[in-house]
Undergrad: 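Here's a structure for you.
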Amino acid sequence: MQQVQQNPLKEALSYLWWFYTPFRAKSVSDIYELISTNAYSGDGLYLNLGYWKEADNIDDACRAMARLCADQARLNDHDELLDVGFGFADQDMYWMEHYGPRRIVGLNITHSQVELARQRVAERGMSDRIELLEASATDMPLQDETFDKVIGLECAFHFNTRERFFTEARRVLRPGGRLVLTDVIRMKPMEGAWQRLIQRSNWNFFSKKYVVPEENADTQDTYAEKLQHAGFVNIRVESIREQVYPQLHHYMATDPEMLKRFHFLARLPYYLALRFDASKVYIAYDYVLVSAEKPA
């Protein structure tokens, strides 16, 4: 597996500064430069949490999430596809191999991911069909009505803001084009005061450490409203959290090799979380599968 080498002392200090102190928030690209190739998956460099409905290991679950997005998008060999936040391009190579779209263009703001992803795509002989750009999903350097499908696999919570991204996605889609996302959003507030306090605390920690703009603190209802306001139709925002968080939590507790792929300072919060039930750890977070269409 290809690895991005970092200075060990600088890397450790960066983790300490980012995750264990309240003094400074990193940018999105800084976070992913730091995480580097310490990915969830072992076979590839997937960074998503996995779709566990039928999977029993992290590698199958990560591929299943990519497959879920492609199936929801109805991806086919006639499509020109835009992938926003492509990571290390694992899903793009998977989609090209299994669905064969005419062309994939990817957008990503993290320089090291773009460089390594381009290298990996070239090694697979797919550079003529997969073009990877270092660019933002909220300010796309792309012409209007260029793509049949837009997919964002577990990344839109970072975008500043989702609404700007929705506007850009609609712009670059052809009439009748389809937008598909998997995304982390807020759970609706629970009834008990104590539960609501825990939810709010967990979400605030997550949003600060992982650079989630305040405007992106959406629930299912506000998510759908924003898509409608951006001009999309046939909108569906479906929670799939029960096929993501519980099984991931269980897998981390039973497969020690997964956490060993992380930097040792990044493992500590996970070891702490594994002392609690998944329903408490993920009390603040929903996980949604989203689809919408640009009017034909």
Side-chain angles (χ1 to χ4, degrees), residues 47-53 61-62 64-75 81-86 91 95 107 137-138 147-173 175-191 195-196 199-200 202-203 206-207 210-248 278-279 282-296:
L47 294 169
N48 74 75
L49 300 179
Y51 182 63
W52 296 81
K53 187 175 182 178
C62 287
M65 188 68 82
R67 187 164 60 249
L68 178 68
C69 288
D71 290 344
Q72 191 73 10
R74 303 167 192 163
L75 189 62
L81 167 66
L82 175 64
D83 177 21
V84 295
F86 58 77
Q91 66 261 24
W95 292 331
L107 303 180
T138 59
F147 297 95
D148 303 289
K149 310 287 168 63
V150 174
I151 297 180
L153 204 169
E154 201 176 300
C155 56
F157 58 90
H158 287 307
F159 296 163
N160 193 10
T161 60
R162 274 198 193 98
E163 290 171 284
R164 290 180 61 185
F165 162 63
F166 291 161
T167 299
E168 281 289 84
R170 188 185 187 281
R171 179 181 66 81
V172 301
L173 276 169
R178 195 164 174 84
L179 170 67
V180 170
L181 308 167
T182 56
D183 207 353
V184 179
I185 64 173
R186 291 187 73 164
M187 285 291 290
K188 292 181 179 179
M190 300 179 72
E191 291 185 2
Q195 287 88 344
R196 288 198 303 272
Q199 283 183 307
R200 186 164 58 251
N202 283 13
W203 181 263
F206 170 74
S207 63
Y210 288 94
V211 197
V212 181
E214 291 183 11
E215 297 90 339
N216 290 357
D218 290 305
T219 62
Q220 288 188 50
D221 292 339
T222 61
Y223 207 109
E225 289 170 2
K226 288 180 178 180
L227 282 165
Q228 185 177 23
H229 183 73
F232 286 95
V233 297
N234 299 328
I235 297 163
R236 183 179 180 185
V237 182
E238 173 192 2
S239 176
I240 58 170
R241 71 188 306 271
E242 294 305 316
Q243 288 78 48
V244 178
Y245 298 130
Q247 295 92 330
L248 172 66
S279 63
Y282 300 99
I283 190 172
Y285 316 114
D286 205 346
Y287 195 106
V288 289
L289 174 64
V290 180
S291 61
E293 294 176 358
K294 181 175 179 175

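Here the structure is a predicted model, which means the values were calculated and not measured.
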Undergrad: Is the closest basic N to carboxylate O distance between Glu293 and Lys149 below 4.0 Å?
TA: no

Undergrad: Tell me the closest heavy-atom pair linking Pro295 and Arg170, and the distance in Å.
TA: CD-NH2, 3.9 Å

Undergrad: Would you say the side-chain atoms of Ser207 pair up with the backbone N or O of Trp203, donor to acceptor, closer than 3.5 Å?
TA: yes

Undergrad: Flag the pair Leu179 / Leu181 as yes when at least one side-chain heavy-atom distance between them is below 4.5 Å, and no otherwise.
TA: yes

Undergrad: Return yes if some donor-acceptor pair links the side-chain N/O of Trp95 with the main-chain N/O of Ala66 below 3.5 Å, else return no.
TA: yes

Undergrad: For Val150 and Val180, run side-chain contact (heavy atoms from CB on, under 4.5 Å): C-alpha distance rounded to whole Å, both residues' side-chain angles, the deciding distance at 0.1 Å, then the answer.
TA: CA-CA 6 Å; Val150 174; Val180 170; over 6 Å; no

Undergrad: Which heavy atom of Val84 sits nearest a heavy atom of Cys155, and at what distance?
TA: O-SG, 3.3 Å

Undergrad: For the residue pair Ile151 and Leu82, establish whether any side-chain heavy-atom pair is separated by less than 4.5 Å.
TA: no

Undergrad: Would you call Asp148 and Leu81 a side-chain contact if the rule is heavy atoms closer than 4.5 Å?
TA: no

Undergrad: Decide, yes or no, whether a salt bridge links Asp183 with Arg162 under the criterion of side-chain N to carboxylate O below 4.0 Å.
TA: yes

Undergrad: Does CD in Glu238 sit with more than 12 non-hydrogen atoms of other residues, nucleotides or ligands closer than 6.0 Å?
TA: yes

Undergrad: Quick one, Val288 and Thr182 - any side-chain contact, counting heavy atoms below 4.5 Å?
TA: no

Undergrad: Just how far is it from atom OG1 of Thr161 to atom CD of Glu214, taken to the nearest 0.5 Å?
TA: 12.5 Å

Undergrad: With the threshold set at 4.0 Å, does a side-chain nitrogen-carboxylate oxygen contact exist between Arg186 and Asp286?
TA: no

Undergrad: Within the structure provided, determine whether Val290 and Arg236 are in side-chain contact (heavy-atom separation under 4.5 Å).
TA: no

Undergrad: Which of parallel (below 30°), tilted (30 to 60°) and perpendicular (above 60°) describes Phe232 and Phe166?
TA: perpendicular

Undergrad: If you look at every heavy atom in Arg171 and Lys294, which pair is closest and at what distance?
TA: O-NZ, 3.9 Å

Undergrad: Glu154 vs Tyr287, test: side chain to side chain donor-acceptor pair (under 3.5 Å). Steps then yes/no.
TA: CA-CA 9 Å; Glu154 201 176 300; Tyr287 195 106; 2.5 Å; yes

Undergrad: Measure the acute angle between the ring planes of Tyr282 and Tyr285, then classify it against the limits of 30° and 60° as parallel, tilted or perpendicular.
TA: perpendicular

Undergrad: To the nearest 0.5 Å, what is the distance between OG1 on Thr138 and CD on Glu163?
TA: 12.5 Å

Undergrad: Do you know the tightest heavy-atom contact between Asn202 and Ala284?
TA: CB-CB, 3.7 Å

Undergrad: Are any non-hydrogen side-chain atoms of Tyr210 and Val184 less than 4.5 angstrom apart?
TA: no

Undergrad: Distance from Leu289 atom CG to Met65 atom CE, nearest 0.5 Å?
TA: 8.5 Å

Undergrad: Show, in sequence, the C-alpha distance, side-chain angles and deciding distance for Leu227 and Tyr223, and conclude whether the side-chain contact (heavy atoms from CB on, under 4.5 Å) test is met.
TA: CA-CA 6 Å; Leu227 282 165; Tyr223 207 109; 3.9 Å; yes

Undergrad: For residues Gln91 and Asn48, determine if any side-chain heavy atom of one lies less than 4.5 Å from a side-chain heavy atom of the other.
TA: no

Undergrad: Atom OH in Tyr51, atom SG in Cys69: separation rounded to 0.5 Å?
TA: 10.5 Å

Undergrad: Which value, rounded to the nearest 0.5 Å, describes the distance between Arg164 atom CZ and Thr167 atom OG1?
TA: 9.0 Å

Undergrad: Give, for atom CD of Gln247 and atom CG of Leu49, the distance between the pair rounded to the nearest 0.5 Å.
TA: 11.5 Å

Undergrad: Please find the pair of heavy atoms, one from Ala292 and one from Ile235, that lie closest to each other, and give the distance.
TA: CB-CG1, 4.0 Å

Undergrad: For a ring pair (Phe, Tyr, Trp, His ring centres under 6.0 Å) check, start with the C-alpha distance between Phe165 and Phe157, then their side-chain angles and the critical distance, and finish with the verdict.
TA: CA-CA 10 Å; Phe165 162 63; Phe157 58 90; over 10 Å; no

Undergrad: Where do Pro213 and Val211 come nearest, in terms of heavy atoms and distance?
TA: CD-O, 3.6 Å

Undergrad: Arg178 versus Gln72: any side-chain heavy-atom pair under 4.5 Å?
TA: yes

